[in-house]
2 protein chains.
Amino acid sequence: MAAAHEDELVEMLIGLFQEIDGLFAAASRRLGLTPQQAQLLCFARHRQPSSGELAALLHCDKTNITGLVDRLQRRGLLTRRPDPDDRRVTRVHLTAEGEALSGEFQRVIDTTLTTGFSSWPSTERDDLIRLLSSATSGLRSRPRQAP
Amino acid sequence: MAAAHEDELVEMLIGLFQEIDGLFAAASRRLGLTPQQAQLLCFARHRQPSSGELAALLHCDKTNITGLVDRLQRRGLLTRRPDPDDRRVTRVHLTAEGEALSGEFQRVIDTTLTTGFSSWPSTERDDLIRLLSSATSGLRSRPRQAP
DNA sequence: ATGGACAGTCGAGATCATCAACTATTTGGT
DNA sequence: ACCAAATAGTTGATGATCTCGACTGTCCAT
């Protein structure tokens with residue numbers, strides 16, 4: 001067993017997590033958003049998620065989404081619209097202003113991450129993409145424990 | 001330029017971030033901690049950080065640390081001790097209970113991540129460790145912009 | 001129909017997070 | 001040695017995040 005290697009891998013994964021967490025905090029703050037608001041806007045960028053979907057994506061309770069969406073709606077960044085197929089669900093649609101702001105956020109993230117890899121040879125980039133893809137999908141089916 | 005590859009890499013990095021974020025949320029909740037509390041305890045596991053160091057590690061204002069440490073101290077998980085070399089700084093020391101709880105948290109994280117990679121050949125693990133190391137250090141010196 | 005599952009909201013209470021202002025201590029320049 | 005500037009931590013005020021239990025309304029399978 002390569003126990004030392006495993007520990008090292010875990011350490012690296014968490015280190016990268018911390019780094020991206022800091023990047024998100026700095027970028028959202030720069031735009032006058034909280035990290036949660038920025039992430040919610042990004043999730044609503046190309047689909048029109050329901051509150052329940054947003055709760056799953058943000059790893060929080062659905063009752064939290066109500067206030068989160070309330071504040072963003074009060075700022076004119078999104079609107080609530082009823083789902084035509086299921087009258088229980090309400091879907092979140094970005095306004096033009098919300099599109100612009102979330103686009104700005106995504107641009108900051110993209111350029112910061114991209115410039116961090118600008119000096120990498122494309123073979124290493126491809127390797128990393130391949131390994132990250134396997135890693136993420138491997139973790140996505142993580143063992144759930146009973147509540 | 002491999003613009004498509006860059007976008008794909010950014011997408012993968014964020015996907016992994018989301019996954020680890022969810023893992024942290026679930027693990028800390030299981031132990032009756034908030035994610036911030038769990039992270040703070042882990043940072044205090046082997047060193048005795050000052051409040052300012054904790055603020056930098058948690059990417060938040062130093063005034064936030066006061067209340068965070070207050071609540072953990074009230075639960076008997078850590079103590080404040082003055083730094084002998086600089087009477088301005090107070091350092092955080094975990095109690096035995098705090099050690100146990102943060103150890104439990106770290107164990108949950110470690111085993112979940114490790115089992116996610118248990119089927120990987122060691123050559124791929126080594127590749128991923130090497131690439132993540134480069135990536136994280138490359139991002140750690142990220143370009144700061146003026147406030 | 002009707003009972004159970006599901007989506008969203010509300011109210012209460014705790015935590016997280018920031019800002020301005022303050023005290024105490026350290027440091028460096030003169 | 002002195003004093004101004006920088007630093008570490010706390011406090012109070014304010015707003016945002018997050019969860020829990022309870023509630024309404026809708027869907028769906030029996």
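Residue numbers start from 1 in every chain, and the chains themselves are labelled A, B, ... in the order their sequence lines are given, proteins ahead of strands. The structure presented is a predicted model; accordingly, all values stated were derived computationally and were not measured.
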Give the C-alpha distance, both sets of side-chain angles, the deciding distance and a yes or no for side-chain hydrogen bond (donor to acceptor under 3.5 Å, both in side chains) between B/Arg45 and B/Gln106. CA-CA 10 Å; B/Arg45 213 163 147 56; B/Gln106 198 129 26; 3.3 Å; yes
Do any N or O atoms of the protein come closer than 3.5 Å to N or O atoms of nucleotides 16-22 of chain D, and which pairs are they?
{"unit_1": "D/dT17", "atom_1": "OP1", "unit_2": "A/Thr34", "atom_2": "OG1", "d": "2.5"}
{"unit_1": "D/dT17", "atom_1": "OP2", "unit_2": "A/Arg71", "atom_2": "NE", "d": "2.4"}
{"unit_1": "D/dT17", "atom_1": "OP2", "unit_2": "A/Arg71", "atom_2": "NH2", "d": "2.6"}
{"unit_1": "D/dT17", "atom_1": "O3'", "unit_2": "A/Gln36", "atom_2": "NE2", "d": "3.3"}
{"unit_1": "D/dC18", "atom_1": "OP1", "unit_2": "A/Gln36", "atom_2": "NE2", "d": "3.3"}
{"unit_1": "D/dC18", "atom_1": "OP2", "unit_2": "A/Asn64", "atom_2": "ND2", "d": "2.9"}
{"unit_1": "D/dC18", "atom_1": "O5'", "unit_2": "A/Asn64", "atom_2": "ND2", "d": "3.0"}
{"unit_1": "D/dT19", "atom_1": "OP1", "unit_2": "B/Arg29", "atom_2": "NH2", "d": "2.7"}
{"unit_1": "D/dT19", "atom_1": "OP2", "unit_2": "A/Asp61", "atom_2": "N", "d": "2.5"}
{"unit_1": "D/dT19", "atom_1": "O5'", "unit_2": "B/Arg29", "atom_2": "NH2", "d": "3.1"}
{"unit_1": "D/dC20", "atom_1": "N4", "unit_2": "A/Thr63", "atom_2": "OG1", "d": "2.8"}

Side chain to side chain contact (heavy atoms under 4.5 Å, CB included) evaluation trace for A/Leu23 with B/Phe17: CA-CA 11 Å; A/Leu23 172 58; B/Phe17 168 79; over 6 Å; no
According to salt bridge (Lys or Arg N to Asp or Glu O under 4.0 Å), does anything in residues 103-124 of chain A pair up with another residue at least two apart or in another chain? List the pairs. A/Glu104-A/Arg107, A/Glu124-B/Arg130
Qualifying salt bridge (Lys or Arg N to Asp or Glu O under 4.0 Å) pairs, either residue in residues 76-91 of chain B, two or more places apart: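 For residues 76-91 of chain B: B/Glu53-B/Arg91, B/Asp70-B/Arg80, B/Asp83-B/Arg91, B/Asp86-B/Arg88.
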Compute the angle between the rotation axes at the two ends of the helix from C/dA1-D/dT30 to C/dT30-D/dA1, each taken over five pairs, rounded to 10 degrees. 30°
Nucleotide interval of DNA chain C bounded by contacts with chain A (heavy-atom cut-off, under 4.0 Å): C/dC6 to C/dC19
I'd like to know if B/Val89 and B/Leu40 are part of one continuous hydrophobic network [Ile/Leu/Val/Met/Phe/Trp/Tyr, side-chain heavy atoms within less than 4.5 Å].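 No, because B/Leu40 and B/Val89 fall into different hydrophobic clusters, even though each may have its own neighbours under 4.5 Å.
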If you define the side chain from C-beta out and look only at heavy atoms, does anything of [X] sit under 4.5 Å from [Y]?
{"X": "B/Arg74", "Y": "B/Arg71", "result": "yes"}
{"X": "B/Leu58", "Y": "B/Phe43", "result": "yes"}
{"X": "A/Leu33", "Y": "A/Leu77", "result": "yes"}

B/Ile14 CD1 to A/Cys42 SG distance, which is reported to the nearest 0.5 Å: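 So the gap between those two atoms works out to 7.5 Å.
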Start with the C-alpha gap between B/Ile65 and B/Cys60, add the side-chain angles, then the distance that decides, and say whether side chain to side chain contact (heavy atoms under 4.5 Å, CB included) holds. CA-CA 8 Å; B/Ile65 302 296; B/Cys60 68; 3.8 Å; yes
B/Phe105 and B/Phe24 aromatic ring geometry - parallel, tilted or perpendicular at 30°/60° bounds: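 If you compare the ring of B/Phe24 with that of B/Phe105, the planes turn out perpendicular.
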Please give me every residue in residues 85-92 of chain A whose heavy atoms get under 4.0 Å of an atom in DNA chain C, ordered by residue number. A/Arg88, A/Val89, A/Thr90
Side chain to side chain contact (heavy atoms under 4.5 Å, CB included) with A/Glu97: which of A/Thr95, A/Leu101, A/Leu94? A/Thr95
